[in-house]
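These numbers were taken from a predicted model, which means no experiment stands behind them.
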Amino acid sequence: MSLAAEAFVTQIAAAEPWPGNAALYQPLKEEQILLSDNAACLAVQAFLQMCSLPVQLVHRANAEYMSPSGKVPFIHVGNQVVSELGPIVQFVKAKGHSLSDGLDEVQKAEMKAYMELVNNKLLTAELYLQWCDDATVQEITHPRYGSPYPWPLNHILAYQKQWEVRRKMKAIGWGCKSFDQVLEDVDQCCQALSQRLGTQLYFFNKKPTELDALVFGHLFTILTTQLISDELSEKVKSYSNLISFCRRIEQHYFEGRAKDATFRLSLIS
């Protein structure tokens with residue numbers, strides 16, 4: 001099929017109404033999923049909830065390999081498979097659902113800049129922690145990442161992924177960073193987000209956008225994921241309005257869906 005024909009088919013599929021059997025695929029929740037993937041999956045869940053689009057969560061050990069981009073999560077809607085928040089936002093927009101249509105061009109540019117900041121700082125810090133911090137790699141990352149697979153495949157896949165991520169870290173200048181420097185980057189990102197949010201309910205006044213979904217996905221996951229140390233979550237806890245922001249989205253869009261996480265977040269002062 002030519003590119004023009006594929007684009008036409010995609011356009012037709014996008015124009016169809018949102019089906020009742022739409023599915024969101026992600027790794028196994030309890031024993032496999034890692035910090036960064038959990039954050040990405042939660043961000044997409046939040047975005048779809050904010051759009052009032054129902055989706056069934058499907059957990060698969062091989063979700064990463066099922067994804068067209070090799071990254072999770074991905075959605076299966078009709079005969080379309082779309083992965084990662086950005087493309088999913090565009091796909092959903094083509095179906096007539098958008099959280100940012102009410103923003104002007106300046107606000108849209110600002111929103112995209114903050115989303116880039118979150119991906120460049122928070123996501124990269126999560127990847128660094130789970131694949132470049134030796135203690136975390138040995139105690140958490142390797143056991144969880146390889147858990148669905150038999151020996152020696154579990155070790156082979158984990159080391160292969162570690163090599164890929166560490167090569168990326170070197171390429172973007174994070175390979176030689178210390179953990180303290182990574183924490184400083186996280187703190188700077190949280191400070192910028194806290195200042196932008198201020199006393200508002202959401203980053204752009206009273207209605208959430210995809211930025212709110214993305215920030216919630218990462219901050220909530222950092223706050224509620226048990227790691228070797230609490231240093232990463234402590235950086236987020238320094239900003240009371242970000243904590244309130246996470247509580248607000250959790251209560252409004254996820255009430256009763258993740259009781260354990262709800263309990264843990266409610267204990268944060």
Side-chain angles (χ1 to χ4, degrees), residues 22-60 63-64 67 69 71-76 82-89 91-92 99 111 114-115 117-127 129-130 140-141 144-145 186 189-190 193 197 202-203 208-227 232-233 235-237 239 242-268:
L24 174 67
Y25 285 77
Q26 60 184 56
L28 302 179
K29 180 67 176 176
E30 297 300 326
E31 62 269 34
Q32 181 190 24
I33 198 167
L34 298 177
L35 178 68
S36 60
D37 289 340
N38 200 16
C41 292
L42 187 57
V44 171
Q45 287 181 52
F47 169 73
L48 294 174
Q49 287 288 329
M50 291 169 180
C51 292
S52 299
L53 295 175
V55 68
Q56 177 188 1
L57 292 182
V58 180
H59 300 89
R60 291 285 186 272
E64 178 182 349
S67 169
S69 69
K71 295 181 180 180
V72 293
F74 66 90
I75 57 173
H76 184 196
V82 187
S83 61
E84 303 179 70
L85 179 62
I88 289 173
V89 167
F91 178 77
V92 167
L99 298 178
M111 181 191 72
Y114 276 99
M115 292 182 73
L117 175 67
V118 171
N119 287 324
N120 288 342
K121 298 296 184 181
L122 294 186
L123 173 58
T124 309
E126 292 159 3
L127 289 169
L129 178 61
Q130 66 196 25
I140 297 176
T141 307
R144 288 185 66 85
Y145 189 81
V186 170
C189 180
C190 288
L193 291 172
L197 180 63
Y202 302 106
F203 284 97
T209 64
E210 48 263 42
L211 171 62
D212 297 276
L214 179 65
V215 172
F216 170 76
H218 285 280
L219 295 188
F220 187 89
T221 302
I222 289 172
L223 288 167
T224 58
T225 300
Q226 185 174 0
L227 299 171
L232 189 61
S233 61
K235 290 296 181 183
V236 179
K237 291 179 189 177
Y239 300 93
L242 295 181
I243 299 294
S244 298
F245 167 82
C246 287
R247 283 202 189 101
R248 187 159 49 248
I249 291 183
E250 181 204 17
Q251 291 169 0
H252 190 79
Y253 294 102
F254 293 91
E255 190 68 42
R257 292 171 180 264
K259 293 181 180 178
D260 291 341
T262 303
F263 175 70
R264 287 200 299 270
L265 188 57
S266 69
L267 294 178
I268 298 171

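Between Lys237 atom NZ and Leu232 atom CG the span is 10.5 Å, to the nearest 0.5 Å. The distance from atom CD of Gln56 to atom NE2 of His76, rounded to the nearest 0.5 Å, is 12.0 Å. Tyr202 OH to Thr209 OG1: the interatomic distance, rounded to the nearest 0.5 Å, is 10.5 Å. Separation of atoms CG (Leu227) and OG (Ser233) is listed at 7.5 Å; rounding is to 0.5 Å. Taken to the nearest 0.5 Å, the OG atom of Ser244 stands 15.0 Å off from the OH atom of Tyr239.
Phe216 places none of its side-chain heavy atoms less than 4.5 Å from the side chain of Pro208. With a 4.5 Å cut-off on side-chain heavy atoms, Cys190 and Leu242 count as touching. The shortest side-chain heavy-atom distance between Val92 and Leu48 falls under the 4.5 Å cut-off. When side chains are defined from C-beta on, Leu122 counts as touching Leu219, because their heavy atoms get closer than 4.5 Å. Side-chain contact between Asn119 and Leu214 is present, with heavy atoms from C-beta onward closer than 4.5 Å. Within the 4.5 Å cutoff, the side chain of Ile249 has no heavy atoms near those of the Gln49 side chain. Side-chain contact between Ile75 and Phe91: present, with at least one pair of heavy atoms (C-beta onward) separated by less than 4.5 Å. Using a 4.5 Å heavy-atom threshold, the side chains of Val186 and Lys121 count as separate.
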For residues 36-45, dump all side-chain donor-acceptor pairs below 3.5 Å to protein atoms at least two apart in sequence or in another chain.
| unit_1 | atom_1 | unit_2 | atom_2 | d |
| --- | --- | --- | --- | --- |
| Ser36 | OG | Gln130 | NE2 | 2.6 |
| Asn38 | OD1 | Lys29 | NZ | 2.8 |
| Gln45 | NE2 | Gln26 | OE1 | 3.2 |

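Residues that satisfy the ring pair (Phe, Tyr, Trp, His ring centres under 6.0 Å) test with Phe203, not counting sequence neighbours, are Phe245. A search for salt bridge (charged side-chain N to carboxylate O under 4.0 Å, His left out) contacts involving Lys235 returns nothing, not counting sequence neighbours. Glu64 pairs by the salt bridge (charged side-chain N to carboxylate O under 4.0 Å, His left out) definition with Lys161, not counting sequence neighbours. Partners of Pro87 by side-chain contact (heavy atoms from CB on, under 4.5 Å), not counting sequence neighbours, listed by chain and number: Val82, Glu84. The ring pair (Phe, Tyr, Trp, His ring centres under 6.0 Å) search around Tyr25 returns Phe74, not counting sequence neighbours.
Residues Pro27 and Ile33 approach most closely at CD-CD1, 3.9 Å, considering heavy atoms. Nearest approach of Leu211 to Met111, heavy atoms of both residues: CB-CG, 3.7 Å. Closest approach of Val236 and Ile222 over heavy atoms only: CG2-CG2, 3.9 Å. Here the closest non-hydrogen pair linking Glu210 and Leu85 is O-CD2, 4.4 Å. Taking every heavy atom of both residues into account, Pro73 and Leu24 meet most closely at CB-CD1, 3.5 Å.
Residue Glu126 forms a side chain to side chain contact (heavy atoms under 4.5 Å, CB included) with just one option from Leu34, Thr221, Leu35, and that option is Leu35.
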